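Everything numeric here is computed off the predicted structure, so don't read it as measured data. Values below: all heavy atoms of this structure, side chains included; hydrogens, waters and symmetry mates excluded.
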Amino acid sequence: MEKWVSMPKVELHAHLNGSIRDSTLLELARGLGEKGVIVFSEFENVIQKDDRSLTEVFRLFDLIHIVTTDHNVITRVTQEVIEDFAAENVVYLELRTTPKKNESVGMTKHSYLEAVLEGVKAVSTVDVDFRPHDGDVRITGNSPPINATCNGSTRKKIYVRLLLSIDRRGTAEAAMETVNLALEMSDLGVVGIDLSGNPTVGEWTTYLPALKFAREQGLYVTLHCGEVPNPKEIRSMLDFLPQRIGHACCFEEPEWEKLKSSNIPVEICLTSNIRTNTIPSLDVHHFADLYSKKHPLVLCTDDSGVFATSLSNEYNLAASAFGLGRREIFELTRNAVEFVFADDGVKRELTELFRIAEQKLDQ
Ligand code: IMP
Ligand code: ZN
């Protein structure tokens, strides 16, 4: 694993609350159990298990939603998730989250997001660059470059950008509210919109006006696409030409053709696809075909907490399942710099970082 942990990595598909640490979830659930909000024993085994079934995964999401309804918890989870990714050498992280309201604790979607931002600012183990820069002007600018040397000691740095998720259970109005919130927070690191949630719920066209508006206003858009067989929806999503899509599991030949000719990058989440039974096994995973056709791809975790994985583990899985060496995996992550939702200055800095890392690759 060490060779994957030490490799610089780009993570583009990580749901904030799905990336919660087991230990934190356990501690928070125990606290809620003591207060009588949940029956702790009903969740204890599921939290402590690595190999969760699909039903258990959804039970865990239910629990996560119960424990993450407090500003302090959101802040803590955000800080920990970023520190965990940074600890395994993720140098660029896009975190996505669904803004939530909870009147009983005075939480609005706006204050939820402020709590997330507090978490970003609270990260202490690495320097965090989370504010978008002014277009192309900045190269290293006023924040220290990656792995900056300060007073003789080297500090690691991670870029963090936020995407707001539109939940497929919500209304068109709620989706528009999310887009407006993203625009309001665009100076604070919110760069795009994601469409996610239960793929069997709702019609994606409900969210089309909000997604079109997001794009017109300069936000990036990525869509969870093809998690269940729904060719009409998949084709319509591809016609929208999002900047990226997540998963692309249940495609048939016409959708593959459309995807390949569009060149839309795909966020691949191996463990998630297997755990949710979206793909029966890695030897029939579409990664192999897309990779051999040189379609733009990026390996991601989806929900590292819920699926008990890490980005290093996803790299390790891909290497062994598809016979890829260290260099191939390195190139895969380096190529992902092209489709990050950040300006050219950030891309240039990441490119330089990967250039330096490449020199050490074969040592
Ligand atoms: P949050 O948005 O930070 O609360 O992250 C958890 C949420 O992300 C879940 O409640 C889902 O709405 C969404 N999510 C996580 N994993 C998946 C997935 O595999 N498919 C679709 N939606 C997902
Ligand atoms: Zn996802």
Side-chain angles (χ1 to χ4, degrees), residues 12-15 18 54 57-58 61 94 96-99 163-179 182 192-217 219-280 284-290 293 295-298 300-303 306-307 339 341:
L12 301 184
H13 187 139
H15 297 266
L54 186 61
V57 161
F58 283 112
F61 267 127
E94 276 173 27
R96 54 188 79 191
T97 193
T98 324
L163 311 181
L164 301 193
S165 299
I166 293 174
D167 186 339
R168 292 184 65 126
R169 284 176 304 188
T171 60
E173 292 71 34
M176 196 58 94
E177 195 188 340
T178 299
V179 172
I193 296 290
D194 157 56
L195 176 67
S196 58
N198 188 337
T200 62
V201 172
E203 291 280 333
W204 99 282
T205 45
T206 307
Y207 314 107
L208 208 43
L211 292 165
K212 280 186 177 155
F213 179 63
R215 189 157 65 186
E216 280 160 20
Q217 296 298 310
L219 292 168
Y220 296 95
V221 176
T222 177
L223 305 173
H224 279 64
C225 177
E227 287 178 280
V228 289
N230 187 345
K232 189 164 162 254
E233 175 176 288
I234 295 169
R235 285 200 289 271
S236 164
M237 282 183 167
L238 295 176
D239 283 337
F240 176 72
L241 293 177
Q243 276 101 348
R244 297 195 309 252
I245 58 168
H247 298 302
C249 294
C250 305
F251 280 35
E252 295 293 341
E253 208 37 52
E255 293 83 58
W256 287 129
E257 274 175 31
K258 209 173 187 30
L259 173 70
K260 286 172 188 170
S261 63
S262 72
N263 234 27
I264 297 169
V266 182
E267 304 149 0
I268 297 275
C269 311
L270 299 173
T271 300
S272 161
N273 295 162
I274 299 300
R275 284 270 191 278
T276 53
N277 283 329
T278 318
I279 301 285
V284 294
H285 198 283
H286 48 289
F287 174 93
D289 177 56
L290 291 175
K293 304 278 167 30
H295 189 87
L297 295 176
V298 54
C300 306
T301 53
D302 209 8
D303 301 283
V306 170
F307 298 124
F339 20 99
F341 292 169

F339: which residues meet the ring-ring contact (aromatic ring centres under 6.0 Å, His included) condition with it, sequence neighbours left out? none

Do V57 and F307 come within less than 4.5 Å of each other through their side chains, counting heavy atoms only? yes

Which value, rounded to the nearest 0.5 Å, describes the distance between L164 atom CG and T97 atom OG1? 8.0 Å

Residues which pass side-chain contact (heavy atoms from CB on, under 4.5 Å) with E257, listed by chain and number, not counting sequence neighbours: E253

Taking the inter-plane angle between the rings of H224 and H15 on a 0 to 90° scale, is it parallel (under 30°), tilted (30 to 60°) or perpendicular (over 60°)? tilted

Between the side chain of R96 and the main-chain N/O of L195, is any donor-acceptor distance below 3.5 Å? no

Which pairs of donor and acceptor atoms, one on a side chain in residues 208-217, lie under 3.5 Å apart (sequence neighbours left out)?
residue, atom, partner, partner atom, Å
R215, NH1, F240, O, 2.5
R215, NH1, L241, O, 3.0
R215, NH2, F240, O, 3.0

As an exercise, state the distance from OH of Y207 to OG1 of T178, rounded to the nearest 0.5 Å. 10.5 Å

With salt bridge (charged side-chain N to carboxylate O under 4.0 Å, His left out) as the rule and sequence neighbours excluded, what pairs involving residues 195-209 come up? none

One should read off an interatomic distance between I166 CD1 and T171 OG1, to the nearest 0.5 angstrom, of 10.0 Å

Can you list the residues that meet the salt bridge (Lys or Arg N to Asp or Glu O under 4.0 Å) rule with D302, with sequence neighbours excluded? none

Sub-4.5 Å side-chain heavy-atom contact between N230 and C250: no

Among all residues two or more places apart in sequence or in another chain, which pass the side-chain hydrogen bond (donor to acceptor under 3.5 Å, both in side chains) test with D167? R169

Measuring from atom CG of L219 to atom CD of Q243, what distance do you get when rounded to the nearest 0.5 angstrom? 9.5 Å

Could you measure the distance from the CD1 atom of I245 to the CG atom of L259? Nearest 0.5 Å is fine. 5.0 Å

Under the salt bridge (charged side-chain N to carboxylate O under 4.0 Å, His left out) definition, can you give me all pairs with a residue in residues 232-246, not counting sequence neighbours? E94-R244, R168-E233, R235-E255, D239-K258, R244-E267

From CH2 (W256) to CD1 (I234), nearest 0.5 Å: 8.5 Å

Is there side-chain contact between T276 and E227, with heavy atoms separated by less than 4.5 Å? no

Hits for side-chain contact (heavy atoms from CB on, under 4.5 Å) against N277, two or more places apart or cross-chain, chain-then-number order -> none

What is the minimum heavy-atom distance between F251 and C225, and which atoms define it? CZ-SG, 3.8 Å

Could you tell me which residues satisfy side-chain contact (heavy atoms from CB on, under 4.5 Å) with C249, sequence neighbours excluded, listed by chain and number? H247, N273, T278, I279, H286

Can you see which heavy atom on P242 is nearest to which on I264, and at what distance? O-CG2, 3.6 Å

Under the side-chain contact (heavy atoms from CB on, under 4.5 Å) test, residues paired with T200 that sit two or more places apart: N198, V228

Among all residues two or more places apart in sequence or in another chain, which pass the side-chain hydrogen bond (donor to acceptor under 3.5 Å, both in side chains) test with W204? S236

side-chain hydrogen bond (donor to acceptor under 3.5 Å, both in side chains) with T271: which residues, sequence neighbours excluded? E314

V266 versus A248, closest heavy-atom pair with distance: CG1-CB, 3.9 Å

